[in-house]
2 protein chains.
Amino acid sequence: MNSNNVTIYDVAREAGVSMATVSRVVNGNPNVKPTTRKKVQDAIDRLGYRPNAVARGLASKKTTTVGVIVPDISNIFFADLARGIEDVATMYKYNIILGNSDSSRDKEVHLLNTLLGKQVDGIIFMGGRLHEDLVEEFKKSPVPIVLAATLNQGYDLPAVNIDYEQAAYDATQMLINHGHDRVGFITGPLEQQINGEKKFAGYRRALEDAGLPFHDNDMILGNYTYASGLEAMQKMLQRDDCPKAIFAGTDEMALGVIHAIQDAGYSVPNDFEVVGHDNTRLATMIRPKLTTVVQPMYDIGAVAMRLLTKILNAEEIEEKNVVLPHRIERRDSLRQD
Amino acid sequence: MNSNNVTIYDVAREAGVSMATVSRVVNGNPNVKPTTRKKVQDAIDRLGYRPNAVARGLASKKTTTVGVIVPDISNIFFADLARGIEDVATMYKYNIILGNSDSSRDKEVHLLNTLLGKQVDGIIFMGGRLHEDLVEEFKKSPVPIVLAATLNQGYDLPAVNIDYEQAAYDATQMLINHGHDRVGFITGPLEQQINGEKKFAGYRRALEDAGLPFHDNDMILGNYTYASGLEAMQKMLQRDDCPKAIFAGTDEMALGVIHAIQDAGYSVPNDFEVVGHDNTRLATMIRPKLTTVVQPMYDIGAVAMRLLTKILNAEEIEEKNVVLPHRIERRDSLRQD
DNA sequence: TTTCCAAATGGAAACGTTTTATATCGCATG
DNA sequence: CATGCGATATAAAACGTTTCCATTTGGAAA
């Protein structure tokens with residue numbers, strides 16, 4: 001009873017028509033007489049025919065599959081993004097092949113080539129840093145590539161992001177406005193443009209605009225994890241001139257920061273104020289609840305996928321470099337004004 | 001310079017051999033003279049040939065792609081599982097097509113059929129409950145299906161799990177051993193076998209073995225989220241006879257429980273003790289750190305995928321119903337013995 | 001040398017669709 | 001009653017591989 005291996009040809013014979021007609025019916029082509037359509041549809045149902053997408057892909061050169069390259073799907077941030085991508089993909093009848101790169105250049109390149117070999121119709125890429133080898137590969141890609149939550153570098157690809165510089169500025173400024181003359185900045189590696197060029201720049205600009213000096217040791221770099229946030233803050237707490245306001249590059253690091261503060265016997269927000277970044281679900285799973293920059297991960301994924309479908313359908317594109325709005329969600333890790 | 005549309009035929013011509021020989025070289029078939037192999041390899045490099053996996057799939061009836069059906073990838077639990085699956089898949093040169101079902105029967109069935117249409121070589125399924133319609137579809141599947149963190153029901157599929165009944169027993173017993181004569185149980189919907197039959201059964205058995213009665217209202221059902229755990233505990237706290245020990249069906253719910261307790265001015269573990277389930281990364285991101293049942297999600301995914309590869313390679317399978325060991329990780333939400 | 005056999009190579013048929021060019025049908029029109 | 005034309009349907013050629021079978025090659029044994 002395997003609905004297996006019944007082909008378009010079997011259906012054609014059963015219905016007494018040609019393959020081409022069956023193909024038209026299956027693909028909703030209007031040039032089929034209703035009675036014929038019915039006849040074919042009945043045959044399809046009777047035989048339990050299911051079109052072979054591989055054969056279809058070979059003949060049509062379209063696989064209705066897109067590749068998604070992500071550093072690590074087990075990271076809540078990328079998981080949200082992926083969900084946004086998948087939802088929109090489903091909406092447009094695409095499936096996604098998902099691959100983890102661990103932000104390794106080799107894995108990224110390898111994955112890209114595997115996906116291209118599988119004839120995906122397009123690719124959505126996420127990664128902290130666009131290595132130039134990878135950009136070379138991108139240039140050779142026969143299918144469109146869209147960046148999600150990933151900054152363009154050297155090669156002008158369609159991309160969906162928020163304004164990280166401004167977001168960092170806003171967060172830092174908010175802390176400064178609360179009367180702090182020093183603001184600690186704990187984030188990920190500076191090699192990643194998003195930290196090194198954007199968030200850092202926003203942070204410095206906010207200090208500057210407030211007439212505050214930048215202290216080298218007010219900035220500590222980690223690797224995005226809870227543990228690295230905790231550790232960074234522990235280190236900072238040992239200083240006599242420890243900043244009483246902290247802007248953390250991700251929510252997970254912010255949780256680490258808050259716990260380090262609490263473990264040392266201080267209170268958030270009374271002794272220290274903390275602002276995070278991303279507004280992952282974690283932000284409300286801590287006491288005090290975290291004030292954080294809202295980066296709409298799901299939306300970034302969804303918009304990126306939508307952008308890709310537009311490119312695939314050769315639709316009009318207003319702007320291939322999409323900047324989604326951000327805002328700061330105020331919660332209890334900041335004192336009331 | 002698109003390495004596009006250069007076919008095996010072009011390579012054959014360039015190298016002065018037949019397609020068949022090129023195919024052999026590409027597939028590592030040993031029956032090729034080293035000099036010929038070199039000649040072909042050079043032609044491949046020169047032309048930038050990349051085999052078309054779709055054509056390959058059509059000819060060989062293997063796509064080296066497996067389908068993964070998951071309720072929601074943005075859930076940290078499934079994201080971890082998916083990561084385990086993908087890592088092992090990569091190891092065996094498979095790619096995964098990932099789809100979210102939202103635990104909806106219709107989406108599950110639809111997704112399954114889409115995947116089968118795409119000629120995946122196998123499928124890994126995750127879902128709280130196996131609807132009988134879905135089981136019917138599974139029976140008709142021409143490719144093997146493996147369940148991950150999902151209990152078999154009615155149809156004997158290969159599956160990878162832990163012993164949920166025993167895990168719940170252990171957790172409950174641990175709380176009872178701490179002197180509690182009532183243990184609250186906050187978990188997900190009972191329609192899901194994993195709660196309704198396994199965790200619940202383990203909970204009751206532990207009570208029974210300790211000679212304690214089961215109180216209907218000591219159990220509250222939620223939907224796995226932080227918010228539902230919080231809410232459930234708030235409700236429980238309003239009772240005069242509120243249990244001072246809580247076993248939560250997931251870590252996320254446990255976080256909600258702990259915060260509800262703390263919000264009400266009580267201390268964990270001094271006033272209340274809490275045990276969670278799953279040991280997601282959340283468990284260490286809370287104060288006090290959460291004591292929790294370790295369910296090795298990554299491993300379940302990895303083992304499930306490995307099991308699938310074994311089936312695909314027709315390797316010997318010792319046991320198609322794999323039960324991975326569990327244990328309880330003791331942290332600060334439980335008092336020292 | 002010849003003979004033989006394994007190793008290496010080639011030819012061509014599958015695989016299951018889509019798509020293009022072509023044929024047929026039915027019917028209004030002149 | 002022929003003509004022409006749109007609407008439908010068909011036949012057959014792609015699509016780019018793998019794989020089966022046949023053929024060639026080259027060297028060892030006779």
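Reminder, nothing fancy here: chain letters follow the sequence lines and each chain counts from 1.
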Asker: Mind calculating the distance between CG (A:N5) and C1' (C:dC15) to the nearest angstrom?
Answerer: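 Atom CG in A:N5 sits about 12 Å away from atom C1' in C:dC15.
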Asker: For the residue pair B:D106 and B:S104, confirm or rule out a side-chain donor-acceptor distance under 3.5 Å.
Answerer: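 B:D106 vs B:S104: no donor-acceptor pair found between side chains.
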Asker: Among D:dT17, D:dT10, D:dA9, find the nucleotide with the atom closest to the side chain of A:T36.
Answerer: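 The nucleotide sitting nearest to the side chain is D:dA9.
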Asker: For B:M19 and A:V32, find the nucleotide of DNA chain D closest to each by heavy atoms; which residue's nucleotide sits nearer the 5' end?
Answerer: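 That would be A:V32.
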Asker: Expressed in angstrom and rounded to an integer, what is the separation of B:I8 atom CD1 from C:dG10 atom P?
Answerer: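 B:I8 atom CD1 is separated from C:dG10 atom P by 12 Å.
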Asker: Could you state the NZ-P distance from A:K118 to D:dG16, rounded to the nearest angstrom?
Answerer: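 For the pair A:K118 NZ and D:dG16 P, the rounded distance is 18 Å.
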Asker: Rounded off to whole Å, could you give me the NZ-to-P distance for the B:K61 and C:dA14 pair?
Answerer: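 From B:K61 NZ to C:dA14 P: 13 Å.
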Asker: Whole angstroms only, please: what is the CG-C1' distance between A:L58 and C:dC15?
Answerer: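 Atom CG in A:L58 sits about 9 Å away from atom C1' in C:dC15.
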Asker: So, OP1 or OP2 of C:dC15: does either fall under 4.0 Å of a side-chain N or O from A:N52?
Answerer: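 No, no such contact exists.
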Asker: Side chains of B:Y298 and B:D87 only: does a donor on one sit below 3.5 Å from an acceptor on the other?
Answerer: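 The criterion, which ignores hydrogens and geometry beyond distance, is satisfied for B:D87 and B:Y298.
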Asker: Would you check if there is a donor-acceptor pair between the side chains of A:Q192 and A:Y224 at a distance under 3.5 Å?
Answerer: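 Indeed, the side chains of A:Y224 and A:Q192 share at least one donor-acceptor pair under 3.5 Å.
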Asker: What's the CZ-P distance between A:R50 and C:dG16, to the nearest Å?
Answerer: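 Nearest whole value for this atom pair: 14 Å.
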Asker: Does A:S18 make a side-chain N or O approach to OP1 or OP2 of D:dA11 shorter than 4.0 Å?
Answerer: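 So the side-chain polar atoms of A:S18 never come under 4.0 Å of the phosphate oxygens OP1 or OP2 of D:dA11.
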Asker: On DNA chain C, compare the nucleotides closest to B:A59 and B:K33; which residue's is nearer the 5' end?
Answerer: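 Of the two residues, B:K33 wins.
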Asker: Can you tell me which nucleotide in C:dG16, D:dG16, D:dT10 comes closest to the side chain of A:T7?
Answerer: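 Nearest to the side chain of A:T7 among the choices is C:dG16.
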Asker: Give a yes/no answer on whether the side chain of B:Y49 brings an N or O atom under 4.0 Å of OP1 or OP2 in D:dT17.
Answerer: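 B:Y49 to D:dT17 OP1/OP2: side-chain N or O found under 4.0 Å.
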Asker: Within the 3.5 Å criterion, strictly below it, is a donor on A:K118 or B:T65 matched to an acceptor on the partner's side chain?
Answerer: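 Result is yes, a qualifying pair exists.
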Asker: Pick the nucleotide of DNA chain C nearest each of B:V17 and B:A55; which residue has the one closer to the 5' end?
Answerer: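 Mapping each residue to its closest nucleotide by heavy atoms, the 5'-most match is B:V17.
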Asker: With a 4.0 Å cut-off on heavy atoms, is A:S60 in touch with a base, just the backbone sugar-phosphate, or nothing at all?
Answerer: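 It contacts sugar-phosphate atoms only.
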Asker: Between P on C:dA7 and CG on B:N29, what's the gap in Å once rounded to a whole number?
Answerer: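 Taking CG of B:N29 and P of C:dA7, I get 12 Å after rounding.
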Asker: Taking any heavy-atom pair under 4.0 Å as a contact, classify B:V54: base, sugar-phosphate, or nothing.
Answerer: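 No contact.
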Asker: Categorize A:T21 for me: base, sugar-phosphate, or nothing, with a 4.0 angstrom heavy-atom threshold over every strand shown.
Answerer: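 Answer is base: heavy atoms of A:T21 come under 4.0 Å of a base.
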Asker: Rounded off to whole Å, could you give me the CG-to-P distance for the B:N31 and D:dG26 pair?
Answerer: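 Distance check: B:N31 CG to D:dG26 P gives 16 Å.
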Asker: Is the base of C:dG10 touched by the side chain of B:R24 through a donor-acceptor pair closer than 3.5 angstrom?
Answerer: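 Answer is yes: a donor-acceptor pair is held.
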Asker: Could you tell me whether the side chain of B:S103 and the main chain of B:G127 form a donor-acceptor pair under 3.5 Å?
Answerer: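 No, the answer is negative, given that no donor and acceptor are paired below the 3.5 Å cut-off.
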